[in-house]
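Encoded as structure tokens, the structure appears first; notes follow it.
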Amino acid sequence: MDAIERVTQEENLDPQDWDGMRKLGHRMVDEMMTYLETVRERPIWQPMPDDVQQFFKEPLPQKPQAPESIYEEFLKNVPPYNMGNVHPRFWGWVIGSGTPLGALADFLAATMNPNMGGGNHAGNLMEGQVINWSKEMLGFPKEASGLLVSGGSMANLVGLTVARNAKAKFNIREEGLQKAPHQMVFYSSNETHSSNIKAAELLGLGREALRLLPVNSEFEINLDALEEAIKRDKRSGHYPFCIIGNAGTVNTAATDDLNRLADICEREGLWFHVDGAFGALAALSPQLKKIVSGMERADSIAFDFHKWMYVPYEVGCALVRDKKAHYDAFSYVPTYLAKHERGVAAGPVWFSDYGIQLSRGFRALKVWMSLKEHGIEKYGRLIQQNVDQAHYLASLVRKEKGLELLAPVPLNIVCFRYASNKLSDQALNKLNQEILMRLHEEGIAVPSYTIIDKNYAIRVAITNHRSERSDFDLLVHEVLRLGKALQEKPA
Ligand SMILES: *Cc1c(COP(=O)(O)O)cnc(C)c1O
């Protein structure tokens with residue numbers, strides 16, 4: 001059969017039976033809404049049995065399979081073994097919980113399936129609007145620029161790329177760092193997120209160029225040490241170009257003194273980047289706003305919608321004060337991407353000029369619909385609610401002789417452990433790790449963990465709109481139960 005013959009038998013990927021697909025779609029929506037509605041009634045997590053592990057070793061499909069039967073396989077093997085972050089007692093790492101309308105929005109976005117890299121279509125206007133709303137939320141000027149990205153890691157990389165390029169005293173895009181006359185160095189605290197370390201590596205600056213300074217007892221950057229480090233670097237002929245301020249550190253949710261950092265940046269001519277992956281959103285609560293005061297003076301801000309705005313994965317945002325610097329860091333327009341005056345190839349803003357991705361998904365829709373569904377005031381109340389819950393949990397921990405708080409609670413993260421004066425720190429580390437694994441395995445709750453001053457901490461980070469006060473009562477009860485049992489009969 002040659003090409004001309006074959007086109008008489010063209011095929012495509014649309015269903016043969018549209019009504020059947022429609023029915024399946026309705027069923028999926030029904031069952032997924034019930035899945036979310038009843039999430040509290042199921043264990044938060046369970047280990048995957050052998051047959052599920054085996055299921056994912058099936059070979060590459062060669063022949064078609066009916067959509068209903070694919071969906072049945074999904075139902076059996078995937079939702080029961082979810083990570084658990086849709087559950088009210090998930091407080092591990094910093095992970096968002098999603099919403100039903102957010103999920104539906106992702107369906108709409110995938111159905112329309114525009115490429116958000118550029119062009120003249122409604123999706124691009126919507127992303128522009130979401131970025132404008134983001135500036136308003138965080139007190140950034142109207143003229144500032146922005147981009148929706150996969151998350152905080154990418155938002156930090158975008159902000160720091162603009163910082164590096166804008167501050168380089170040579171044509172860095174042309175020459176790269178190979179020809180840098182001075183070593184470019186930048187600063188943050190040693191509590192800064194790993195994504196900033198990765199950014200230092202990816203930007204060719206190297207990990208060593210990111211000076212990680214000590215913190216005070218509140219886990220905020222030590223400003224004297226910072227000033228000293230800048231002086232030392234200048235004396236050595238290095239070129240300081242940026243400070244990364246942390247708004248909500250990942251270990252304890254500490255926020256650096258952002259106004260003081262902004263002052264230093266102004267005085268020294270440094271770029272001020274704020275990693276506010278979750279903490280930046282404290283700006284939405286009238287009571288918490290003062291914690292992030294000074295953030296509005298930043299040159300760039302990274303924050304996430306998928307953490308403390310509870311929007312389904314993935315979506316974060318980079319804001320950059322200087323639109324031209326943002327454009328200059330990323331825009332590269334070959335002939336096949338040149339903008340036209342009219343038609344699809346027109347459009348005022350092509351987001352591919354502001355980031356690394358050319359092809360981009362319609363992330364804006366789930367954010368846009370969520371913000372409209374609830375209004376920004378409700379987000380402020382929920383963020384406050386999560387912080388109030390953290391303080392409630394901390395108060396329970398303080399009241400219990402068998403528990404110990406390991407760090408201050410400035411925002412929404414509580415680090416604590418089961419404690420007993422009969423056990424060494426080393427024994428307590430082992431015991432608390434065992435408590436954590438059992439909390440997960442028994443499907444009770446999912447906190448995560450960190451090390452605070454060499455002590456293993458059970459770490460509860462609350463970015464969950466479904467949590468209720470009684471969930472924290474239960475956590476405390478269960479940690480004490482497991483701790484006592486393990487102390488009597490070690491694992
Ligand atoms: C989560 C987090 C990041 C990374 O964000 P992702 O959305 O996971 O890529 C960066 N900084 C802080 C403080 C975070 O908590």
Side-chain angles (χ1 to χ4, degrees), residues 83 85 90-98 102 134 138 146-161 163 186 188-203 210 212 215 218-221 242-256 258 261 272-283 288 291-292 295 298 300-319 355-357 360-361 363 366-367 383 386-387 390 407 410-415 446-450 457 459-464:
M83 187 180 204
N85 51 309
F90 194 100
W91 308 299
W93 303 279
V94 186
I95 295 198
S97 32
S134 301
L138 303 189
L147 181 77
L148 295 184
V149 290
S150 58
S153 302
M154 197 51 88
N156 281 325
L157 182 61
V158 166
L160 294 171
T161 303
F186 60 138
S188 194
S189 84
N190 57 19
E191 290 286 306
T192 204
H193 190 264
S194 56
S195 57
N196 294 312
I197 315 244
K198 287 192 190 180
E201 296 173 6
L202 288 169
L203 289 170
L210 178 54
L212 296 179
V215 291
E218 305 297 306
F219 296 89
E220 299 160 5
I221 192 168
C242 171
I243 296 175
I244 304 171
N246 300 292
T249 58
V250 65
N251 275 334
T252 68
T255 296
D256 296 331
L258 300 178
L261 294 183
F272 183 29
H273 176 75
V274 171
D275 177 359
F278 64 97
L281 278 321
L288 301 172
I291 294 176
V292 290
M295 175 174 71
S300 52
I301 303 178
F303 76 99
D304 268 320
F305 282 104
H306 59 210
K307 287 179 174 175
W308 222 357
M309 294 287 283
Y310 322 102
V311 176
Y313 286 99
E314 311 168 337
V315 60
C317 181
L319 295 178
I356 299 151
Q357 282 185 284
R360 306 172 67 246
R363 303 193 159 94
K366 58 191 166 190
V367 179
I383 283 161
N386 284 163
V387 172
L411 208 58
N412 59 335
I413 296 181
V414 183
C415 292
V446 178
S448 62
Y449 42 83
T450 193
R459 174 181 163 287
V460 174
I462 314 168
T463 49
N464 191 326

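Indexing begins at 1, ligand by ligand and atom by atom, following the structure's order.
In this structure, a donor-acceptor pair under 3.5 Å is absent between the side chains of Y313 and N85. A side-chain donor from one of N156 and D275 sits under 3.5 Å from a side-chain acceptor of the other.
The protein non-hydrogen atom at the shortest distance from atom 11 (N) of ligand 1 is D275 OD2, 2.8 Å. Protein heavy atom closest to atom 12 (C) of ligand 1, with residue, atom name and distance, is A277 CB, 3.3 Å.
For ligand 1, the atoms lying closer than 4.0 Å to a non-hydrogen atom of D304 are 5 (O), 6 (P), 7 (O). Ligand 1 places these atoms under 4.0 Å from at least one heavy atom of N156: 10 (C). Every atom of ligand 1 with a heavy atom of S195 under 4.0 Å away is listed here by number and element: 10 (C). Taking a cut-off of under 4.0 Å to the non-hydrogen atoms of H306, the atoms of ligand 1 that pass are 7 (O). Close contacts between ligand 1 and G248 involve ligand atoms 13 (C) [criterion: under 4.0 Å to a heavy atom].
Proximity of N196 to ligand 1, defined as any heavy-atom pair under 4.0 Å, is not found for any part of the residue. Contacts with ligand 1 closer than 4.0 Å are made by side-chain heavy atoms of F278 only, the backbone lying farther away.
N464 places a side-chain N or O within donor-acceptor distance of the main-chain N or O of F90, the cut-off being under 3.5 Å. Side chain of D256 to backbone of I221: a donor-acceptor contact under 3.5 angstrom is found. The closest donor-acceptor contact from the side chain of S448 to the backbone of W93 lies under 3.5 Å. Between the R363 side chain and the E314 main chain, a donor and an acceptor come within less than 3.5 Å of each other. In this structure a side-chain-to-backbone donor-acceptor pair under 3.5 Å is missing from H273 to I244. Checking side-chain atoms of D304 against main-chain N and O of G152 turns up a donor-acceptor pair under 3.5 Å.
Considering each of M154, E191, K307, the one bringing a non-hydrogen atom nearest atom 15 (O) of ligand 1 is K307. Residue G152 holds the heavy atom nearest to atom 5 (O) of ligand 1 of all those in G151, G279, G152, S150.
Under a 4.0 angstrom heavy-atom cut-off, G316 registers as lying outside contact with ligand 1. Heavy atoms of E314 come nearer than 4.0 angstrom to ligand 1 in no pair at all.
Residue N246 is tested with T255, T192, N196 for a side-chain hydrogen bond (donor to acceptor under 3.5 Å, both in side chains); the sole match is T192.
Considering backbone and side-chain atoms together, S153 places an N or O closer than 3.5 Å to an N or O of ligand 1.
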